2 protein chains.
Amino acid sequence: MPSPQLLEEYSQFFRLLSEPARLQLLCHLKQGPLDVASLIEATGFSQSHISRQLGQLQRAGLVRCEREGTRTIWQADGVLVDELCALVQTRLKQRLQAQLEQLQVT
Amino acid sequence: MPSPQLLEEYSQFFRLLSEPARLQLLCHLKQGPLDVASLIEATGFSQSHISRQLGQLQRAGLVRCEREGTRTIWQADGVLVDELCALVQTRLKQRLQAQLEQLQVT
DNA sequence: TCCCTGTATGACAATACGCGCATTATGCCT
DNA sequence: AGGCATAATGCGCGTATTGTCATACAGGGA
């Protein structure tokens, strides 16, 4: 059994990925570095919201930024999220497959 | 870019793991099948709460149950959560390592 | 059949979180 | 220094979620 502290850390991490808005930001940044204006354009969220979400992702080490004058250029940091999503995708596929077979048997 | 629907599915899945209570249940069940009384004993949560959380995990295919008279025996289903946690753990370690080096440099 | 044990569900309080608006802080340019 | 663009923060509202208590439901044994 993992310690309660570790469970807490895990859950906090997964919580970051439990919001479509944040996943969306991560996916956009995965394509390449972007400034905040582009993210606003791409997602339709308010500047304040995006700023906060990026802050959270940054604290978790999932994104990183570099200042360029007053603008800030953000980019995804690491491939962890890709790997996690790949695993989940595999699972989702399996489940759909299973449901499909279930239907065909019936 | 994944479709919004897919992002939604991912986030819903990760949301399941974003709660220490649910992770805790998963971890206990990973050790082997347990009945609800044992889970109450082990976690200290109320029966109703455990019932609900197990329901969510079951719908996602993360746990599975078999009736044994009036009792219900639950067990973890699949290794996905282990794999996800292993990935996250690696990341956590890396980050702590980095912080450590940062401190030593300073 | 009635009771007794164990599970699921309805109602509710407390809390956390998403999201935007308005404001403030920060850095560049003239 | 003053003004302008951009990013961060305070605040508030609405909604979703956690967790409990009380209650309804199901299955086995006398």
Side-chain angles (χ1 to χ4, degrees), chain A residues 4-5 7-29 33-77, chain B residues 4-5 7-29 33-77:
Chain A
Q5 289 81 5
L7 283 180
E8 185 69 34
E9 296 238 37
Y10 284 159
S11 63
Q12 279 180 19
F13 188 91
F14 287 128
R15 173 150 308 206
L16 280 178
L17 307 181
S18 76
E19 193 61 30
R22 280 188 292 266
L23 276 183
Q24 204 181 339
L25 289 174
L26 282 172
C27 290
H28 277 110
L29 293 177
L34 287 174
D35 66 344
V36 178
S38 305
L39 289 172
I40 293 177
E41 164 84 19
T43 65
F45 287 112
S46 70
Q47 178 266 321
S48 65
H49 192 50
I50 290 180
S51 173
R52 272 186 239 270
Q53 306 313 316
L54 287 175
Q56 292 192 47
L57 294 174
Q58 185 183 34
R59 275 189 294 280
L62 295 179
V63 300
R64 148 172 51 104
C65 72
E66 48 193 68
R67 292 288 155 72
E68 189 167 288
T70 71
R71 297 228 311 287
T72 309
I73 312 294
W74 294 84
Q75 58 184 9
D77 191 2
Chain B
Q5 289 80 6
L7 284 180
E8 185 69 35
E9 296 237 36
Y10 284 159
S11 62
Q12 280 180 20
F13 188 90
F14 287 127
R15 170 150 304 176
L16 281 178
L17 307 180
S18 75
E19 191 63 29
R22 280 188 293 266
L23 275 183
Q24 205 181 338
L25 289 175
L26 281 173
C27 290
H28 278 108
L29 292 177
L34 287 176
D35 66 344
V36 177
S38 306
L39 290 172
I40 294 177
E41 164 83 21
T43 65
F45 286 112
S46 69
Q47 178 266 321
S48 65
H49 195 225
I50 289 181
S51 173
R52 273 187 237 272
Q53 306 312 317
L54 287 176
Q56 290 192 47
L57 295 174
Q58 185 183 33
R59 274 189 294 280
L62 295 179
V63 300
R64 147 172 51 105
C65 72
E66 48 193 69
R67 294 288 155 71
E68 189 167 287
T70 73
R71 296 227 311 286
T72 309
I73 311 295
W74 293 84
Q75 59 184 354
D77 191 1

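Within every chain, numbering begins at 1; the chains are lettered A, B, ... in the order of the sequence lines, protein sequences first and strands thereafter. Treat the numbers as computed from the prediction; the structure is a model and nothing was measured.
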Item to complete: Starting from P on C:dG18, measure out to CD on B:Glu8 and report it in whole angstrom.
Response: 13 Å
Response to the item:
Value for CG (A:Leu39) from CG (A:Leu54), rounded to nearest 0.5 Å, stands at 6.0 Å
Fill in: B:Glu19 and B:Gln24: CA distance, side-chain angles, deciding distance, side-chain contact (heavy atoms from CB on, under 4.5 Å) verdict
CA-CA 9 Å; B:Glu19 191 63 29; B:Gln24 205 181 338; over 6 Å; no
Practice prompt. Starting from the 5' end of DNA chain D, give me the residue, A:Cys65 or A:Arg15, whose nearest nucleotide shows up first.
Written response: A:Cys65
Item to complete: Would you indicate which nucleotide in D:dA7, C:dG27, C:dG18 comes nearest to any side-chain atom of A:Thr70?
Response: C:dG27
Discussion item. Over all strands shown, is A:Arg67 touching base, sugar-phosphate only, or nothing at heavy-atom distances under 4.0 angstrom?
Written reply: sugar-phosphate
Discussion item. Measure CD/B:Glu19 against P/D:dT18 and give the value in whole Å, please.
Written reply: 5 Å
Practice prompt. Have a look at B:Thr72 and say if it touches a base, only the backbone sugar-phosphate, or nothing, with a 4.0 Å heavy-atom cut-off.
Written response: sugar-phosphate
Worksheet, complete the sentence: To the nearest angstrom, the CD-C1' distance between B:Gln58 and C:dT7 comes to 12 Å
Fill in: Shortest side-chain distance from A:Ser46, nucleotide among D:dT18, C:dG20, C:dG18
C:dG20
Worksheet item: OG/A:Ser11 to CZ/B:Arg15 distance, rounded to the nearest 0.5 angstrom?
Response: 13.0 Å
Practice prompt. Give the rounded distance in Å between these two atoms: CD of A:Glu68 and P of C:dC29.
Written response: 11 Å
Worksheet item: Out of D:dT18, C:dT9, C:dG20, which nucleotide sits closest to the side chain of B:Ser51?
Response: C:dT9
Worksheet item: Any side-chain N or O of A:Arg22 under 4.0 Å from OP1/OP2 of C:dG18?
Response: yes
Fill in: Side-chain touch A:Arg67/A:Thr72, heavy atoms, less than 4.5 angstrom
yes
Item to complete: Have a look at B:Leu25 and tell me which of B:Val63, B:Thr43, B:Leu34, B:Leu62 forms a side chain to side chain contact (heavy atoms under 4.5 Å, CB included) with it.
Response: B:Thr43
Discussion item. When you measure only distances, ignoring hydrogens and angles, does the side chain of A:Ser48 come within 3.5 Å of the base of C:dC21 through a donor and an acceptor?
Written reply: yes
Practice prompt. Take atom CG of A:Leu57 and atom C1' of D:dA7, then tell me their distance rounded to the nearest Å.
Written response: 16 Å
Discussion item. In this structure, how many angstroms lie between the C1' atom of C:dC21 and the CZ atom of A:Arg52, rounded?
Written reply: 11 Å
Worksheet entry | Atom-to-atom span, CZ of B:Arg71 to C1' of D:dG29 - whole angstrom | 15 Å
Item to complete: Specify the separation, in whole Å, of atom CD1 of B:Ile73 and atom C1' of C:dT5.
Response: 14 Å
Discussion item. Return whichever of A:Asp35 or B:Gly44 has its heavy-atom-nearest nucleotide of DNA chain D closer to the 5' end.
Written reply: A:Asp35
